[in-house]
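First comes the structure, then the notes that go with it.
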Amino acid sequence: MDSNAPGSGGKGGLGSLFGGSEYSNTELAGVPLTGMSPLSPYLNVDPRYLVQDTDEFILPTGAGKTRGRFELAFFTIGGSCITGAAFGTVNGLRMGLKETREMGWTKPRNVQILNMVTRQGASWANTLGSVALLYSIFGVAIENARGAEDDINTLAAGTLTGMLFKSTGGLKGVARGGLVGLAMSGAYALYSNWDHIRGGSSSSNLY
């Protein structure tokens with residue numbers, strides 16, 4: 001018997017194999033497949049159930065779709081420590097090679113270079129980690145006090161971090177630290193909003 005003949009059941013072979021209803025090309029013609037490639041009519045899946053019209057994730061009540069300063073604090077502190085350790089390692093290797101260039105490749109030279117790498121790596125990791133910790137504490141405290149999250153928190157946290165970090169240098173040290181912190185936090189805020197600033201300027205040029 002010809003399996004391609006009408007009514008012979010050849011068309012529903014796969015459908016009967018998986019035990020479900022079949023969807024012909026006519027039935028699938030009116031199904032919206034936004035953002036999806038057309039599905040085979042022989043698949044035992046209704047494409048209407050695959051279209052996502054709601055959010056993909058479930059968030060707790062009152063939670064935002066982006067991470068707050070408290071969640072980002074762990075990443076900031078850890079990333080700063082790793083960055084400081086990497087920079088200190090490279091700097092220590094440079095200094096060790098420079099200071100021992102008169103020595104041959106002997107064990108004392110290797111030990112001296114290793115000590116320099118270890119000290120510089122630990123020192124820079126401690127420095128950047130401390131700065132990141134102060135910045136995160138100030139940022140979270142200011143956000144909770146103001147009840148808002150914006151660039152004002154970033155600028156204030158950066159300024160206070162610089163002032164406290166250089167507080168052992170007297171009033172001049174506090175002033176210089178505050179200015180450096182303000183400049184760095186301002187540069188970060190400008191970088192974070194650069195696309196928005198460019199988009200606003202482009203929209204104003206249209207008028």
Original post:
Yes or no on side chain to side chain contact (heavy atoms under 4.5 Å, CB included) for L160 and I142, after CA distance, side-chain angles and deciding distance?
Top reply: CA-CA 11 Å; L160 292 176; I142 295 173; 4.1 Å; yes
Starting at [atom1] of [X], measure out to [atom2] of [Y] and round the result to the nearest 0.5 Å.
X    : Y    : atom1 : atom2 : answer
N153 : S185 : CG    : OG    : 11.0 Å
L182 : L155 : CG    : CG    : 6.0 Å
D150 : E143 : CG    : CD    : 9.0 Å
R176 : M163 : CZ    : CE    : 13.0 Å
S192 : D151 : OG    : CG    : 7.0 Å
T161 : L133 : OG1   : CG    : 9.5 Å

Subject >> Working for side chain to side chain contact (heavy atoms under 4.5 Å, CB included), residues M103 and Q112 >> reply: CA-CA 11 Å; M103 302 172 58; Q112 188 171 351; 3.8 Å; yes
Original post:
Has the side chain of S130 got a donor or acceptor atom that lies under 3.5 Å from a matching backbone atom of N126?
Top reply: yes
Original post:
So which pairs with a foot in residues 133-184 pass ring pair (Phe, Tyr, Trp, His ring centres under 6.0 Å), sequence neighbours left out?
Top reply: none
Subject >> Shortest non-hydrogen contact between C81 and G129, atoms and distance >> reply: SG-CA, 3.6 Å
Original post:
At their closest point, which heavy atom of K98 faces which heavy atom of R101, and how far apart are they?
Top reply: O-CG, 3.2 Å
When you compare the side chain of [Y] with that of [X], does any pair of heavy atoms fall below 4.5 Å?
X    : Y    : result
T154 : R69  : yes
E99  : M116 : yes
S80  : V131 : no

Original post:
If Ile, Leu, Val, Met, Phe, Trp and Tyr residues are connected whenever their side-chain heavy atoms lie under 4.5 Å apart, and connections chain through other members, are I152 and Y191 in the same group?
Top reply: no
Subject >> Partner set under side chain to side chain donor-acceptor pair (under 3.5 Å) for T100, not counting sequence neighbours >> reply: R109
Subject >> Stepwise side chain to side chain contact (heavy atoms under 4.5 Å, CB included) test for S136 and I77 >> reply: CA-CA 8 Å; S136 299; I77 298 172; 4.0 Å; yes
Which pairs of donor and acceptor atoms, one on a side chain in residues 84-94, lie under 3.5 Å apart (sequence neighbours left out)?
residue	atom	partner	partner atom	Å
T89	OG1	A85	O	2.7
N91	OD1	R94	NE	3.4
N91	OD1	R94	NH2	2.8
N91	ND2	Q120	OE1	3.1

